[in-house]
> 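My structure is below; once you've seen it, I'll send some questions.
Side chains are part of it too, since the values below use all heavy atoms of this structure and drop only hydrogens, waters and symmetry mates.
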Amino acid sequence: MNLGLEGKKLLSITVEYSAVLHFSDDYTARIESPFSFNVPGREYSFSPESDPQESFQPMDVLVSQVVAKSDADDSGTLRIAFGNGAAIQAEKDDEYEAWTVSGPDGFLVVSMPGGELATWDAKPDAP
C-alpha cells in the first residue's frame with residue numbers, strides 16, 4: 001500500500017516514547033515500536049520507548065530530505081525511503097499499534113497489533 005508521502009519534505013523529528021516524523025503538507029508518521037534506520041554504509045536500531053532521546057541524533061540527517069518512496073505491506077511493515085539513500089523500516093508489533101501515518105482531512109493508516117492495517121481515507125469537507 002502506498003502511503004502518499006512521496007515528494008513530502010521531512011520538517012522535523014520529535015522523540016518522546018515514540019518517534020514522530022513531521023512532513024510537509026501536514027503529514028505525520030509516528031513510530032511507537034522498535035525500528036531500523038539505514039544510511040548508506042550504516043544501520044541503526046532504535047526503540048522509542050526505551051532509548052534516550054539523544055540516541056536518535058543520527059536521524060537528524062533526514063531533516064529537509066524528501067521522501068522517494070513510502071509503503072506498508074500486508075504484514076504491517078512500514079518503509080520510508082528518502083532521496084539521500086536513507087531509509088526507515090518499522091515492523092509490526094504483536095501486542096501494540098506499531099506505527100501510524102496520518103495526513104490532512106482524516107487520512108490515517110495504522111499498523112494494528114499483529115500487523116493488520118487499518119485505513120481511513122481522506123474526507124475533505126464538502127462545500
> So if you build clusters from Ile, Leu, Val, Met, Phe, Trp, Tyr with side-chain heavy-atom gaps below 4.5 Å, do Phe37 and Val15 land together?
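Same cluster: Phe37 reaches Val15 through Ile, Leu, Val, Met, Phe, Trp or Tyr contacts under 4.5 Å.
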> Counting heavy atoms not belonging to Glu6, are there more than 12 under 6.0 Å from its CD?
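For Glu6, atom CD is crowded (more than 12 foreign heavy atoms under 6.0 Å).
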> In the single-linkage hydrophobic clustering (I, L, V, M, F, W, Y; side-chain heavy atoms under 4.5 Å), do Val20 and Phe56 co-cluster?
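No, it is not one cluster - the side chains of Val20 and Phe56 are not joined through contacts under 4.5 Å.
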> Group every Ile, Leu, Val, Met, Phe, Trp and Tyr by side-chain heavy-atom contacts under 4.5 Å, then state whether Ile13 and Tyr44 land in the same group.
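Both belong to a single hydrophobic cluster.
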> For a quick test of reading the model, state the closest non-hydrogen atom pair linking Asp93 to Ala98 and the distance between them.
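So the minimum-distance heavy-atom pair works out to N-CB, 3.8 Å.
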> Over all heavy atoms of both residues, which pair between Ser102 and Leu108 is shortest? Give the atoms and the distance, please.
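So the two residues come closest at CB-CD1, 3.9 Å.
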> Between atom CG of Leu21 and atom CZ of Phe82, what is the distance when rounded to the nearest 0.5 Å?
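Going from CG on Leu21 over to CZ on Phe82, the span is 6.0 Å.
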> Grab the two heavy atoms, one from Phe35 and one from Pro48, that are nearest each other, plus how far apart they are.
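Smallest heavy-atom distance, with atoms named: CE2-CG, 3.8 Å.
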> Hey, are the side chains of Thr77 and Gln89 touching, using non-hydrogen atoms and a 4.5 Å cut-off?
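Answer yes - side chains close enough.
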> Of all the heavy-atom pairs spanning Lys92 and Ser111, show the shortest one and how long it is.
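Looking at all heavy atoms of both residues, the closest pair is CA-OG, 4.2 Å.
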> Would you check if Trp99 and Val109 make a side-chain contact, meaning some heavy-atom pair closer than 4.5 Å?
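Yes, their side chains come closer than 4.5 Å.
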> Val101 versus Leu78: any side-chain heavy-atom pair under 4.5 Å?
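Side chain of Val101 against side chain of Leu78, heavy atoms only: contact under 4.5 Å found.
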> I'd like to know whether Ser18 forms a side chain to side chain donor-acceptor pair (under 3.5 Å) with Arg30, so could you lay out the CA-CA distance, the side-chain angles of the two residues, the decisive distance to 0.1 Å, and finally the verdict.
CA-CA 7 Å; Ser18 62; Arg30 176 181 304 272; 3.1 Å; yes
> List the atom of Ala86, the atom of Leu62, and the distance in Å for their closest heavy-atom pair.
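Here Ala86 and Leu62 meet closest at CB-CD2, 3.5 Å.
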> Less than 4.5 Å apart, side chain to side chain, heavy atoms only: is that true for Thr28 and Thr100?
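They are not in side-chain contact.
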> Which value, rounded to the nearest 0.5 Å, describes the distance between Tyr96 atom OH and Ser33 atom OG?
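Taking OH in Tyr96 and OG in Ser33, the distance rounds to 9.5 Å.
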> Who pairs with Asp71 by salt bridge (Lys or Arg N to Asp or Glu O under 4.0 Å), at least two apart in sequence or on another chain?
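In terms of salt bridge (Lys or Arg N to Asp or Glu O under 4.0 Å), with neighbours along the sequence ignored, Asp71 is linked to Lys69, Arg79.
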> To the nearest 0.5 angstrom, please state how far the CG atom of Leu117 sits from the CG atom of Asp74.
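The CG atom of Leu117 sits 7.0 Å away from the CG atom of Asp74.
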> Other residues, nucleotides and ligands only: do more than 12 of their heavy atoms fall within 6.0 Å of CD on Glu43?
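Enclosed.
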> When hydrophobic residues are tied together by side-chain contacts of less than 4.5 Å, even through go-betweens, does Ile80 share a cluster with Leu11?
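Hydrophobic grouping puts Ile80 apart from Leu11.
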> Under 4.5 Å between any side-chain heavy atoms of Ile31 and Phe46, yes or no?
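No, every pair of side-chain atoms sits at 4.5 Å or beyond.
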> Any sub-3.5 Å donor-acceptor pair from Asp73's side-chain atoms to Gly76's backbone N or O?
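Pair found, side chain donor or acceptor close to backbone of Gly76.
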> Please tell me if the side chains of Val61 and Val39 come closer than 4.5 Å, counting only heavy atoms from C-beta onward.
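Yes, side chains in contact.
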> I'd like to know if Leu5 and Trp120 are part of one continuous hydrophobic network [Ile/Leu/Val/Met/Phe/Trp/Tyr, side-chain heavy atoms within less than 4.5 Å].
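Different clusters.
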> Going from CZ on Phe107 to CG on Asp105, what distance comes out if it is rounded to the nearest 0.5 angstrom?
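The CG atom of Asp105 is 11.5 Å from CZ of Phe107, to the nearest 0.5 Å.
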> Is there a side-chain contact between Thr14 and His22, using heavy atoms and a 4.5 Å cut-off?
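Side chain of Thr14 against side chain of His22, heavy atoms only: contact under 4.5 Å found.
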> Rounded to the nearest 0.5 Å, how far apart are CG of Leu10 and OG of Ser24?
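Taking CG in Leu10 and OG in Ser24, the distance rounds to 9.0 Å.
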> For Ser70 and Gly4, which heavy atoms make the closest approach, and how far apart are they?
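For Ser70 versus Gly4, the nearest heavy atoms are OG-N, 3.6 Å.
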> Which pairs count as side-chain hydrogen bond (donor to acceptor under 3.5 Å, both in side chains) when at least one residue sits in residues 48-58, sequence neighbours excluded?
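Those involving residues 48-58 are Ser47-Ser50.
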